[in-house]
Amino acid sequence: MKKCIECGCKEELLVPIYQRGTSCGTEEDYSSKYICEECLDDSLAFGVCTYCGDEGAYSIKDLKDDCCEEHVAELPIIHEDAEDDESGWSSLADHYRDPNHW
Ligand SMILES: [Zn+2]
Ligand SMILES: [Zn+2]
């Protein structure tokens, strides 16, 4: 019988927990444990990958920025881009050059 490992409830909507070390889970990576969505929301031990969705819960240690290891690579990278930096700097420079601010 499936039940939540946290609260022991036997909800229909139990989320299967992936085995530790799973990088992008499939059904084959399910451990025999389940967690209900409610506990999952509050859980400090388990979480879901933003990209994989609610198919399964990862150990929090296998997640980075709410993504599984495989999907971390697909995160929009916040570039400390030379371009952005420059425009940031030049607008700052403009700001200081603007006589209205003096
Ligand atoms: Zn629960
Ligand atoms: Zn993922």
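Order of listing sets the numbers, starting from 1, for every ligand and every atom in it. Please read these numbers as outputs of a predicted model, since none were measured by experiment. We number each residue from 1, following the sequence as shown.
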Asker: Could you list who else is in Y34's hydrophobic cluster, with ILVMFWY side chains joined at under 4.5 Å, directly or through other members?
Answerer: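 ILVMFWY cluster around Y34 also holds L14.
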Asker: Anything protein N/O/S under 2.8 Å from the Zn ion (ligand 2)? Just list residue and atom, please.
Answerer: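 Near the Zn ion (ligand 2), the protein supplies C49 SG, C52 SG, C68 SG, H71 ND1.
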Asker: Rounded at 0.5 Å granularity, tell me how far CG in L40 sits from CG in D54.
Answerer: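 If I round to the nearest 0.5 Å, the distance is 7.5 Å.
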Asker: Answer with yes or no after comparing the ring centroid distance for Y58 and F46 against a 6.0 Å cut-off, counting only values under it.
Answerer: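 For Y58 and F46, the ring centres are not under 6.0 Å apart.
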Asker: Locate the shortest heavy-atom distance separating Y30 from E55; write the atom from each residue and the value.
Answerer: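 So the minimum-distance heavy-atom pair works out to OH-O, 2.9 Å.
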Asker: Checking side chain to side chain contact (heavy atoms under 4.5 Å, CB included) for the pair K2/K10: CA distance, chi angles, key distance, verdict?
Answerer: CA-CA 6 Å; K2 295 194 281 184; K10 293 171 184 166; over 6 Å; no
Asker: When you check the space around the Zn ion (ligand 1), which protein N, O or S atoms turn up under 2.8 Å?
Answerer: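 Protein N, O or S atoms closer than 2.8 Å to the Zn ion (ligand 1): C4 SG, C7 SG, C36 SG, C39 SG.
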Asker: Quick check: are there more than 12 heavy atoms from other residues, nucleotides or ligands sitting under 6.0 Å from CD of E6?
Answerer: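 Yes, the 6.0 Å shell around CD holds more than 12 heavy atoms from other groups.
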Asker: For the pair S43 (side chain) and A45 (backbone), establish whether a donor and an acceptor sit closer than 3.5 Å, ignoring hydrogens and angles.
Answerer: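 Judged by distance alone, yes, a pair lies under 3.5 Å.
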Asker: D29: what forms a salt bridge (charged side-chain N to carboxylate O under 4.0 Å, His left out) with it, not counting sequence neighbours?
Answerer: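 Listed in chain order: nothing, the list is empty.
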Asker: Could you give the distance from SG (C52) to CG (D66), rounded to the nearest 0.5 Å?
Answerer: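 Those atoms lie 12.0 Å apart.
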